[in-house]
Amino acid sequence: MTSSSAASRKALSKIACNRLQKELVEWQVSPPAGFKHKPTDNLQRWVIEVNGAPGTLYANETYQLQVDFPEHYPMEAPQVIFLHPAPLHPHIYSNGHICLDILYDSWSPAMTVSSICISILSMLSSSTVKQRPEDNDRYVKNCRNGRSPKETRWWFHDDKV
């Protein structure tokens with residue numbers, strides 16, 4: 001569990017609940033291609049199945065994203081990680097943390113779970129190599145005490161993959 005585990009999370013605000021219920025209905029009517037929401041009774045944590053896009057390095061592969069919504073969503077970005085096993089990708093650490101600017105510094109309340117998923121699939125699809133980030137071992141070691149990826153000071157310097 002990360003530092004924003006279920007036990008330490010604050011309940012969603014009324015605004016967050018309303019927004020998430022609206023997004024869930026929209027998702028059920030028109031889910032983004034390549035994704036499937038795995039139903040649970042917890043509006044604050046979504047598990048989403050990701051299918052690699054055809055014609056990419058991740059074609060015919062399936063992964064799971066865990067999306068944890070903070071009390072003040074959408075004013076604050078959700079925490080999004082890959083559940084084990086995380087895909088081999090230059091911007092995805094073996095602990096599932098994702099180095100993607102929209103999840104941190106470039107978050108906007110106009111974004112939705114669908115737009116996050118599409119961005120992640122685009123990131124996967126544009127990769128030309130299956131490998132971990134160069135600093136994977138050091139980063140994962142520093143996260144052993146349950147540090148959330150939202151506590152990391154990310155350096156977004158590579159937009160090639």
Side-chain angles (χ1 to χ4, degrees), residues 1-2 4-6 9 11-133 148-150 152 154 156-161:
M1 287 271 181
T2 64
S4 62
S5 65
R9 274 192 307 223
L12 293 171
S13 68
K14 185 168 178 59
I15 291 170
C17 277
N18 289 342
R19 168 72 178 261
L20 284 171
Q21 288 170 339
K22 179 182 176 196
E23 285 192 46
L24 188 55
V25 167
E26 289 173 1
W27 185 292
Q28 291 166 338
V29 171
S30 180
F35 295 91
K36 180 181 173 188
H37 176 261
K38 298 180 86 173
T40 67
D41 60 356
N42 184 351
L43 188 60
Q44 202 163 359
R45 173 174 283 172
W46 292 16
V47 175
I48 298 171
E49 193 172 277
V50 183
N51 293 308
T56 70
L57 292 176
Y58 303 93
N60 301 315
E61 295 181 14
T62 302
Y63 301 97
Q64 290 188 19
L65 286 172
Q66 178 176 292
V67 184
D68 288 304
F69 298 96
E71 175 186 14
H72 297 294
Y73 178 79
M75 300 312 292
E76 183 183 338
Q79 174 179 283
V80 183
I81 62 169
F82 276 98
L83 296 175
H84 187 75
L88 277 172
H89 186 280
H91 293 167
I92 301 171
Y93 290 85
S94 58
N95 63 358
H97 292 190
I98 306 165
C99 181
L100 181 63
D101 63 347
I102 65 161
L103 300 177
Y104 312 103
D105 298 351
S106 297
W107 172 255
S108 163
M111 293 180 186
T112 63
V113 177
S114 290
S115 66
I116 293 168
C117 288
I118 291 165
S119 293
I120 290 172
L121 188 60
S122 175
M123 181 184 79
L124 285 172
S125 298
S126 65
S127 183
T128 58
V129 294
K130 280 186 160 185
Q131 66 185 35
R132 292 280 177 231
S148 164
K150 292 176 79 176
T152 298
W154 296 100
F156 304 108
H157 62 284
D158 177 11
D159 60 359
K160 290 180 280 205
V161 290

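The backbone N or O of N51 lies less than 3.5 Å from no partner atom in the side chain of T62, so there is not a single donor-acceptor pair. Between the side chain of S126 and the main chain of M123, a donor-acceptor pair closer than 3.5 Å is present. No donor-acceptor pair closer than 3.5 Å links the side chain of W46 to the backbone N or O of F69. Formation of a donor-acceptor pair under 3.5 Å by the S122 side chain with backbone atoms of I118 is not found in this model.
Across all non-hydrogen atoms, the minimal contact from W107 to P78 is CH2-CD, 3.6 Å. Of all non-hydrogen atoms in F35 and P31, the two that sit nearest each other are O-CB, 4.3 Å. Of all non-hydrogen atoms in L57 and V129, the two that sit nearest each other are CD1-N, 3.4 Å. A pairwise comparison of heavy atoms in A86 and S94 identifies CB-O, 4.3 Å as the closest pair. Here the closest heavy-atom approach between residue I102 and residue I116 is recorded as CD1-CA, 4.1 Å. When every heavy atom of P90 is checked against every heavy atom of P133, the shortest pair comes out as O-CG, 3.2 Å.
In this structure, N95 CG and I98 CD1 are separated by 10.0 Å, a value rounded to the nearest 0.5 Å. We find the OG-CE distance between S106 and M111 to be 6.5 Å, quoted to the nearest 0.5 Å. If you take NE2 on H97 and CD1 on I92, they are separated by 12.0 Å, rounding to the nearest 0.5 Å. With rounding to the nearest 0.5 Å, the separation of SG in C17 from NZ in K22 is 15.0 Å. For the atom pair CG (L65) and CD1 (I81), the distance works out to 9.0 Å, reported to the nearest 0.5 Å. To the nearest 0.5 Å, the span separating CD on E76 from CD on E71 amounts to 8.5 Å.
Of the candidates T112, V113, L12, R19 forms a side-chain contact (heavy atoms from CB on, under 4.5 Å) with just one, namely T112. When I48, V67, V80 are each tested for a side-chain contact (heavy atoms from CB on, under 4.5 Å) with C117, only one passes: I48.
Other residues, nucleotides and ligands contribute over 12 non-hydrogen atoms within 6.0 Å of the CG atom of L43.
Residues P32 and W27 have side chains in contact (heavy-atom distance under 4.5 Å, counting atoms from C-beta outward). At least one side-chain heavy atom of R132 sits less than 4.5 Å from a side-chain heavy atom of L88. Proximity of T40 to R45: side-chain heavy atoms (C-beta onward) are nowhere separated by under 4.5 Å. Contact annotation: the side chain of Y104 never approaches that of C99 to less than 4.5 Å [non-hydrogen atoms, C-beta and beyond]. You'll find the side chain of H91 stays beyond 4.5 Å of the side chain of L100, heavy atoms only.
A tilted orientation is assigned to the rings of Y58 and H89, their planes being inclined by 30° to 60°.
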TODO: Could you please spell out the steps behind the side-chain contact (heavy atoms from CB on, under 4.5 Å) verdict for L124 and T56?
DONE: CA-CA 8 Å; L124 285 172; T56 70; over 6 Å; no

